[in-house]
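One structure is given below, encoded as structure tokens.
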Amino acid sequence: MCNYVLGAGIGVFSTLTLPRGVRFGPYRGLRTDSVDSMYCWQIYDRNNKRSHVVDAADANRSNWMRYVNCSRHWSEQNLVAYQYQGQLYYRTIKIIPRFTELLVFYGSEFANILHVNLGAYNAPKGYASKFGAPVPKKPTPPTEPKTENIISSNHNKCGKTKTKFEKIEKGH
């Protein structure tokens, strides 16, 4: 099966519809102190200091979670990575339809290596306007006053409506 993220690794696809909140893990790999591959996750201690790295480069010492690709922007991300008791897990953050690729955000360091545009990651084009943000206006040259037809209605005592058309000039 072809992966959704072109140029990425193998990819992992759901065979069933997955509800929000499904946990996968832990992420398996060699425990080390150095980042030697693209299959590494850094693990932090209770004081938020780097404890160790889990490197899943060796397919014989890891699990299927190593094949989950990085999302290119937030709207296609359907998993979140998190730590619990010193291990890394993935959790679904929305309903994932069957035959959909599972995608997690690797973090800014690896995203840069993968050429993910971090500015576009958090603010896809047109997103803000979908939720009522004003669309940036292009400057327009001054023009002659425009006329526009305005419809006004008056209701009479019988409930019938009389419609009157008026022309008004804008900009005065």
Side-chain angles (χ1 to χ4, degrees), residues 1-140:
M1 181 179 279
C2 174
N3 64 348
Y4 176 69
V5 179
L6 297 176
I10 294 171
V12 176
F13 293 78
S14 61
T15 57
L16 303 170
T17 297
L18 300 172
R20 185 175 183 264
V22 175
R23 182 177 79 174
F24 300 110
Y27 188 87
R28 297 281 183 218
L30 178 66
R31 184 180 170 133
T32 181
D33 291 325
S34 60
V35 176
D36 295 325
S37 77
M38 295 295 290
Y39 296 98
C40 294
W41 280 99
Q42 296 180 29
I43 304 298
Y44 293 86
D45 65 17
R46 291 180 187 180
N47 299 318
N48 207 25
K49 293 187 180 187
R50 192 169 119 176
S51 167
H52 63 279
V53 173
V54 177
D55 186 351
D58 182 353
N60 295 319
R61 299 183 78 181
S62 63
N63 59 8
W64 63 270
M65 292 173 67
R66 74 190 290 266
Y67 297 111
V68 173
N69 285 318
C70 184
S71 57
R72 295 165 296 184
H73 53 83
W74 72 268
S75 64
E76 71 179 9
Q77 180 181 347
N78 51 28
L79 299 176
V80 66
Y82 69 97
Q83 271 188 229
Y84 178 69
Q85 295 185 346
Q87 295 190 18
L88 187 94
Y89 296 85
Y90 295 158
R91 182 179 305 275
T92 59
I93 57 174
K94 55 185 162 185
I95 296 170
I96 304 173
R98 62 189 297 201
F99 309 125
T100 300
E101 184 169 9
L102 303 182
L103 297 165
V104 69
F105 184 63
Y106 290 165
S108 59
E109 185 178 336
F110 280 109
N112 280 324
I113 292 168
L114 296 170
H115 305 291
V116 172
N117 180 342
L118 293 175
Y121 186 88
N122 291 319
K125 186 177 179 180
Y127 171 73
S129 64
K130 289 181 184 177
F131 293 96
V135 177
K137 294 181 180 179
K138 295 179 184 175
T140 55

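Asn47 places no side-chain N or O within 3.5 Å of a backbone atom of Lys49 that could act as its donor or acceptor partner. Under the 3.5 Å distance criterion, the side-chain polar atoms of Arg20 are matched with a main-chain donor or acceptor of Ile93. Under a 3.5 Å cut-off, the side chain of Arg23 and the backbone N or O of Arg91 do not form any donor-acceptor pair.
Separation of atoms NZ (Lys94) and OG (Ser75) is listed at 6.5 Å; rounding is to 0.5 Å. The line from CD1 of Ile43 to CG of Leu88 is 5.0 Å long, rounded to the nearest 0.5 Å. Atom CG in Asn60 sits 12.5 Å away from atom CG in Leu30 (nearest 0.5 Å).
Among all heavy-atom pairs drawn from Ala56 and Tyr27, the shortest one is CB-OH, 3.5 Å. Closest non-hydrogen pair, Gln83 versus Gly86, comes out as NE2-CA, 4.5 Å. Residues Asn69 and Ile10 approach most closely at ND2-C, 4.3 Å, considering heavy atoms. Among all heavy-atom pairs drawn from Cys40 and Asp55, the shortest one is SG-CG, 3.4 Å. Scanning all heavy atoms of the two residues, the minimum distance from Gln77 to Val104 falls at CG-CA, 4.4 Å. In this structure, Tyr90 and Trp41 approach most closely via the heavy-atom pair OH-NE1, 3.3 Å.
The side chain to side chain contact (heavy atoms under 4.5 Å, CB included) check on Ile96 picks up Ser14, Leu18, Asn78, Leu79, Thr92, Thr100, Leu102, with sequence neighbours excluded. For Ser34, the side chain to side chain contact (heavy atoms under 4.5 Å, CB included) partners are Thr32, Asp36, not counting sequence neighbours. Applying the side chain to side chain contact (heavy atoms under 4.5 Å, CB included) rule to Arg31 yields the partners Ser51, His52; only residues at least two apart in sequence or on another chain are considered.
More than 12 heavy atoms of other residues, nucleotides or ligands lie within 6.0 Å of CZ in Arg50, so this atom counts as buried by the packing criterion. Around the OH atom of Tyr84, the shell of radius 6.0 Å holds no more than 12 heavy atoms that belong to other residues, nucleotides or ligands.
Side-chain contact between Phe13 and Phe99 is absent, with no heavy atoms from C-beta onward closer than 4.5 Å. With a 4.5 Å cut-off on side-chain heavy atoms, Arg28 and Gln87 count as touching. Two residues are said to be in side-chain contact when any heavy atoms from C-beta on lie closer than 4.5 Å; Trp74 and Phe105 fail this criterion.
Taking the six-membered ring for Trp and thresholds of 30 and 60 degrees, Phe24 and Trp64 have ring planes more than 60 degrees apart, a perpendicular arrangement.
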